[in-house]
Asks: 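What follows is a single structure, and I will ask about it in a moment.
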Amino acid sequence: MSLPGTTSATTERWSRASGGLERRANPREQVLLPALIVEADGRRRPCVIIDRSLGGLRLSVPGEEAASLSFCVLDLVTGMARDVEVAWSRAPEIGVRIVRTYDLDQPQDDLGETLRQIRISVLG
């Protein structure tokens with residue numbers, strides 16, 4: 001079935017998370033991964049990656065503090081860090097669009113190296 005305004009690259013499927021038909025180009029993968037939000041000023045706070053796709057993440061963020069419009073998400077399990085921009089927010093969850101990805105198991109420059117050092121300090 002094709003809906004007006006959709007392309008052939010869009011895969012349609014039912015999604016409980018969106019309350020109806022899912023029209024993402026890339027499917028979501030349900031996960032539960034501990035992560036850190038790292039703000040531009042260096043502040044860190046815990047979060048959980050609930051699902052992910054090639055283009056974005058859905059995060060569960062405890063507490064009442066609103067997230068900045070852009071920040072980094074450091075996945076403590078996989079060693080991937082991502083520069084992200086907030087796409088939507090419905091406390092305690094936020095959806096973010098991935099701008100850049102860093103593989104922290106590889107040598108990094110600048111911000112990537114800072115994120116790699118944060119991961120090392122957290123994991124020991």
Side-chain angles (χ1 to χ4, degrees):
M1 174 173 109
S2 184
L3 296 176
T6 61
T7 66
S8 60
T10 302
T11 304
E12 295 179 357
R13 61 200 157 271
W14 181 257
S15 170
R16 184 178 305 162
S18 67
L21 196 59
E22 179 67 61
R23 295 184 189 97
R24 293 178 173 270
N26 300 300
R28 296 181 201 215
E29 175 187 16
Q30 300 272 327
V31 295
L32 285 174
L33 298 169
L36 287 176
I37 290 175
V38 181
E39 302 278 358
D41 64 4
R43 287 183 303 138
R44 305 176 211 168
R45 60 187 172 139
C47 67
V48 175
I49 301 171
I50 298 172
D51 68 34
R52 62 185 175 192
S53 70
L54 287 177
L57 306 169
R58 182 166 51 120
L59 309 174
S60 176
V61 182
E64 299 295 320
E65 183 181 350
S68 302
L69 294 180
S70 63
F71 50 88
C72 289
V73 176
L74 173 53
D75 181 334
L76 297 172
V77 175
T78 67
M80 301 301 286
R82 298 164 180 94
D83 280 331
V84 300
E85 296 174 341
V86 174
W88 58 266
S89 179
R90 286 186 294 280
E93 295 180 356
I94 58 175
V96 295
R97 187 175 307 108
I98 298 171
V99 176
R100 182 174 177 192
T101 301
Y102 305 88
D103 181 350
L104 301 182
D105 289 332
Q106 303 299 318
Q108 299 289 320
D109 292 329
D110 303 323
L111 178 59
E113 182 59 25
T114 300
L115 294 167
R116 194 170 86 73
Q117 292 303 318
I118 290 171
R119 181 176 184 237
I120 289 169
S121 71
V122 169
L123 298 179

Asks: Give the intermediate values and the outcome of salt bridge (Lys or Arg N to Asp or Glu O under 4.0 Å) for residues E113 and R116.
Replies: CA-CA 5 Å; E113 182 59 25; R116 194 170 86 73; 3.0 Å; yes

Asks: Between CD1 of I49 and CG of D75, what distance do you get to the nearest 0.5 Å?
Replies: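 Reported to 0.5 Å precision, the distance equals 4.0 Å.
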
Asks: Is S70 close to V99 at the side-chain level, that is, under 4.5 Å between some pair of heavy atoms?
Replies: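 No. Closest side-chain heavy atoms not under 4.5 Å.
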
Asks: Tell me whether I94 is reachable from V31 by hopping between hydrophobic residues (I, L, V, M, F, W, Y) whose side-chain heavy atoms are closer than 4.5 Å.
Replies: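 Yes; I94 is reachable from V31 via cluster members.
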
Asks: How many angstroms lie between CD in Q30 and CZ in R58, if you round to the nearest 0.5 Å?
Replies: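 The CZ atom of R58 is 6.0 Å from CD of Q30, to the nearest 0.5 Å.
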
Asks: Would you give the length of the straight line joining atom OG of S89 to atom CG of L59, rounded to the nearest 0.5 angstrom?
Replies: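 Rounded to the nearest 0.5 Å, the OG-CG separation comes to 10.0 Å.
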
Asks: Please round to the nearest 0.5 Å and tell me the distance separating atom OG1 of T78 and atom CZ of R52.
Replies: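 Going from the OG1 atom of T78 to the CZ atom of R52 covers 6.0 Å.
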
Asks: Please say whether more than 12 non-hydrogen atoms of neighbouring residues, nucleotides or ligands are located less than 6.0 Å from CG in L69.
Replies: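 Result for CG/L69: open.
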
Asks: Do you know the tightest heavy-atom contact between L104 and A81?
Replies: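 Taking every non-hydrogen atom into account, CD1-CB, 3.8 Å.
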
Asks: Mind checking the CZ-OG spacing from R97 to S53? Nearest 0.5 Å is all I need.
Replies: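 With rounding to 0.5 Å, CZ (R97) is 11.0 Å from OG (S53).
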
Asks: Is it true that V96 and I37 fall in one hydrophobic cluster, defined by side-chain heavy atoms closer than 4.5 Å?
Replies: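 Same cluster: V96 reaches I37 through Ile, Leu, Val, Met, Phe, Trp or Tyr contacts under 4.5 Å.
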
Asks: Provide the closest heavy-atom pair for V61 versus C47 in the form atom of the first, atom of the second, distance.
Replies: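 So the two residues come closest at CG2-CB, 4.2 Å.
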
Asks: Apply side-chain contact (heavy atoms from CB on, under 4.5 Å) to the pair L74 and Y102, showing each step before the final yes or no.
Replies: CA-CA 9 Å; L74 173 53; Y102 305 88; over 6 Å; no

Asks: V48, L76: one ILVMFWY side-chain cluster at the under-4.5 Å cut-off?
Replies: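 No, because V48 and L76 fall into different hydrophobic clusters, even though each may have its own neighbours under 4.5 Å.
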
Asks: Is the backbone of D103 close enough, under 3.5 Å, to the side chain of Q108 for a donor and an acceptor to pair up by distance?
Replies: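 Yes; judged by distance alone, with no hydrogens or angles, the pair exists.
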
Asks: Can you find a heavy atom in the side chain of R119 that is under 4.5 Å from one in the side chain of D105?
Replies: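 Yes - at least one pair of side-chain heavy atoms lies under 4.5 Å apart.
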
Asks: Group every Ile, Leu, Val, Met, Phe, Trp and Tyr by side-chain heavy-atom contacts under 4.5 Å, then state whether L111 and V73 land in the same group.
Replies: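 No, L111 does not connect to V73 through the hydrophobic network.
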
Asks: According to a 4.5 Å side-chain heavy-atom criterion applied to Ile, Leu, Val, Met, Phe, Trp and Tyr, with indirect links allowed, do V84 and V38 form part of one hydrophobic cluster?
Replies: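 No.
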
Asks: Test: salt bridge (charged side-chain N to carboxylate O under 4.0 Å, His left out). Region: residues 37-46. Which pairs qualify, not counting sequence neighbours?
Replies: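 For residues 37-46: D41-R43, R43-E65.
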
Asks: Kindly compute the distance separating CD (E29) from CG (L57), expressed to the nearest 0.5 Å.
Replies: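 Reported to 0.5 Å precision, the distance equals 11.0 Å.
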
